[in-house]
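Protein chains get the first letters and strands the later ones, always in sequence-line order, with residue 1 at the start of each.
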Amino acid sequence: MKLTIPLPKEYSFEKTIERVKEFEKATEHEKDKKLWRAIRLSSRAIVVGVCKNEAGELEIESHDKLSRFEQMELKEIMTHRWSLEVDLTPFYKRMAQNPILYSTIPDRMGFHIVRDPDLYECLIRTIISQQLNLSFAGTLIHRFIEQFGEKISHLDMWFSSFPTVERVADLNYEDLTTLQLTQRKAEYIIDLSRAIVEGKLDLSSLQQETDEEIMKRLISFRGIGRWTVECLLMFGYGRSNVLPAADIGLRNALQLLYGSDTRPSETEVREFAKDWSPYASYVTFYLWDYLTQQKKISKVTKKGYNER
DNA sequence: GGCCAGGCTAGCA
DNA sequence: TGCTAGCATGGC
């Protein structure tokens, strides 16, 4: 069955899915001009495909019939995932005042942040990604989902939903270290899942808190540092003014963009970012994307040079 | 072969 | 309170 949601103005679906196709190869599969993945509703996991239809709306197709309640829930999850409530116009106006930053915008007009469908998934993905290059992190996430997720068949393909917190809470550390997660990350992931199951940690109850309060509450758990909360704020809670000032990718991007000899420190990043508020999440996201694109270009250039 | 990844913790001064 | 070695492995 199909649902549709209108896209906001300044929304480029094409540019927005590019990044998903690149970084979420493990969970997203393209078929019949739609991007498919498993999504967990409160009642069950389903397989969902999305595309932009001829009317310019987001079209969502589910592998199975959905109840009225499930339809509402799915629309809410998709609105959040694809940042459909975000109007980028004021962000672009602000960026126009900074020519260097603005140089990254024209190639990314309408490019929106793609968030995780749920907070637990976001937390675990972020912990797995700590201190790893994104490509290896993607491999580990893929193994984790394949191993412990629920399998659903659709369009002659198998999809795995993100593992439930109950399932993960029941695992042994060894179940994760065999996937090549480190002993410590295995402990973080399983201990946090147990804390959630036992009611010691309730991610959704923090929804109405301020960024600072969420930071204070979550950072007290083992395995969750500043960076992890910042990612959770951006990709889980959907906060628009997050600055992961110590993030290596953001610092590399600023170094490259400003043509600096050295990588800016966390303090210097805060100096760069003093006029980014209240759009720091978007500036960060655009700079991350700028960095990946530039890396790709330099790789192609090097390859061409070597082949000559 | 060595250094670096969209970090975090424990242990030490 | 602030600093840093160690974690672990793929990619370049």
Side-chain angles (χ1 to χ4, degrees), chain A residues 18-20 22-26 104 111 113-116 121-144 173-192 195 201 215-237 239 242-257 262-270 272-273 276 280-307:
Chain A
E18 266 322 296
R19 216 178 149 75
V20 175
E22 182 159 352
F23 289 109
E24 297 190 40
K25 280 180 203 143
T104 65
F111 176 50
I113 293 181
V114 184
R115 305 166 180 147
D116 286 314
E121 173 168 346
C122 183
L123 175 65
I124 303 303
R125 279 178 182 273
T126 308
I127 291 174
I128 295 179
S129 307
Q130 290 168 355
Q131 176 58 21
L132 292 178
N133 66 70
L134 292 180
S135 133
F136 182 48
T139 308
L140 292 178
I141 291 168
H142 181 55
R143 286 183 196 155
F144 176 74
Y173 300 142
E174 203 191 335
D175 293 325
L176 296 187
T177 51
T178 52
L179 304 182
Q180 277 182 298
L181 279 144
T182 61
Q183 173 68 27
R184 262 206 267 191
K185 278 191 191 173
E187 292 169 13
Y188 299 162
I189 290 168
I190 292 176
D191 293 351
L192 282 165
L201 169 60
M215 178 65 75
K216 203 172 131 193
R217 170 94 181 99
L218 292 183
I219 214 164
S220 62
F221 287 88
R222 187 168 175 264
I224 303 182
R226 278 201 77 85
W227 180 85
T228 302
V229 182
E230 284 157 353
C231 287
L232 202 55
L233 285 168
M234 278 175 74
F235 298 110
Y237 293 100
R239 303 295 167 97
V242 182
L243 178 69
D247 175 83
I248 198 79
L250 179 58
R251 292 167 58 206
N252 285 341
L254 284 169
Q255 180 184 0
L256 186 66
L257 182 66
T262 54
R263 183 152 68 197
S265 67
E266 181 176 345
T267 318
E268 287 163 338
V269 172
R270 293 192 190 284
F272 275 117
W276 295 1
S281 300
Y282 265 90
V283 183
T284 302
F285 194 61
Y286 273 45
L287 287 174
W288 277 341
D289 189 63
Y290 163 77
L291 183 67
T292 14
Q293 297 307 327
Q294 293 300 310
K295 273 188 189 167
K296 233 187 273 175
I297 293 167
S298 75
K299 209 158 96 181
V300 171
T301 317
K302 264 187 205 163
K303 190 168 172 271
Y305 180 80
N306 291 338
E307 281 169 0

*Check the pair A/L181 / A/Y173 against side-chain contact (heavy atoms from CB on, under 4.5 Å), numbers first and verdict last.*
CA-CA 9 Å; A/L181 279 144; A/Y173 300 142; over 6 Å; no
_Applying salt bridge (Lys or Arg N to Asp or Glu O under 4.0 Å) to A/E22 and A/K296, what does each step give before you reach the verdict?_
CA-CA 12 Å; A/E22 182 159 352; A/K296 233 187 273 175; 3.0 Å; yes
_Considering every strand and a 4.0 Å limit on heavy-atom distances, what is the contact class for A/R125: base, sugar-phosphate, or nothing?_
nothing
_Need one value for A/T228: base, sugar-phosphate or nothing, where a base atom within 4.0 Å counts as base even if backbone is also close, heavy atoms only._
sugar-phosphate
*Do the side chains of A/R184 and A/R222 get nearer than 4.5 Å, heavy atoms only?*
yes
_Counterpart residues, ring-ring contact (aromatic ring centres under 6.0 Å, His included), relative to A/Y188 (two or more places apart)_ = none
_Please classify the nucleic acid contact of A/L134 as base, sugar-phosphate, or nothing, using heavy-atom distances under 4.0 Å._
base
Report, one pair per line, the protein and nucleotides 7-11 of chain C atoms (nitrogen or oxygen only) whose separation is under 3.5 Å.
unit_1 : atom_1 : unit_2 : atom_2 : d
C/dA8  : OP1    : A/Q183 : N      : 2.9
C/dG10 : OP1    : A/Q180 : NE2    : 2.8
C/dG10 : N2     : A/N133 : ND2    : 3.4
C/dG10 : N3     : A/N133 : ND2    : 3.4

*Establish, yes or no, whether the cationic atom of A/R125 lies under 6.0 Å from the six-membered ring centre of A/F235 and within 45° of the ring axis.*
no
*What are the bounds, 5' to 3', of the part of DNA chain B that sits under 4.0 Å from heavy atoms of chain A?*
B/dA5 to B/dA10
_Taking the side chain as everything from C-beta on, heavy atoms only, tell me whether A/D289 gets closer than 4.5 Å to A/E18._
no
*Return the residues of residues 215-227 of chain A meeting this criterion: a heavy atom under 4.0 Å from some atom of DNA chain B. Order them by number, or give none.*
A/F221, A/R222, A/G223, A/I224, A/G225, A/R226, A/W227
*Taking the same atom, P, in B/dG11 and in C/dA8, what whole-Å distance lies between them?*
15 Å
_A/F23 side chain reached by A/S129 side chain, heavy atoms, under 4.5 Å_ = no
*C1' gap between B/dG6 and C/dC3, integer Å*: 23 Å
*Output, in order, the C-alpha distance, side-chain angles, deciding distance and verdict of side-chain contact (heavy atoms from CB on, under 4.5 Å) for A/L201 and A/L218.*
CA-CA 8 Å; A/L201 169 60; A/L218 292 183; 3.6 Å; yes
*Can you tell me how far the NE2 atom of A/H142 sits from the CG atom of A/L179, to the nearest 0.5 Å?*
11.0 Å
*Considering only heavy atoms from C-beta outward, does the side chain of A/L192 approach that of A/I127 to under 4.5 Å?*
yes
*asked:* Expected output check: what is the dot-bracket annotation of DNA chain C, where ( ) and [ ] are pairs inside the strand (brackets for crossing ones), | is paired with another strand, and pairs are Watson-Crick or G-U under 3.5 Å?
replied: |||||||.||||
*Under the ring-ring contact (aromatic ring centres under 6.0 Å, His included) test, which residues partner A/Y237, sequence neighbours left out?*
none
*Evaluate side-chain contact (heavy atoms from CB on, under 4.5 Å) for A/T262 paired with A/E268, printing each intermediate quantity in order.*
CA-CA 11 Å; A/T262 54; A/E268 287 163 338; 5.7 Å; no
_Minimum heavy-atom distance A/I128-A/A137, with the two atoms named_ = CG2-O, 4.1 Å
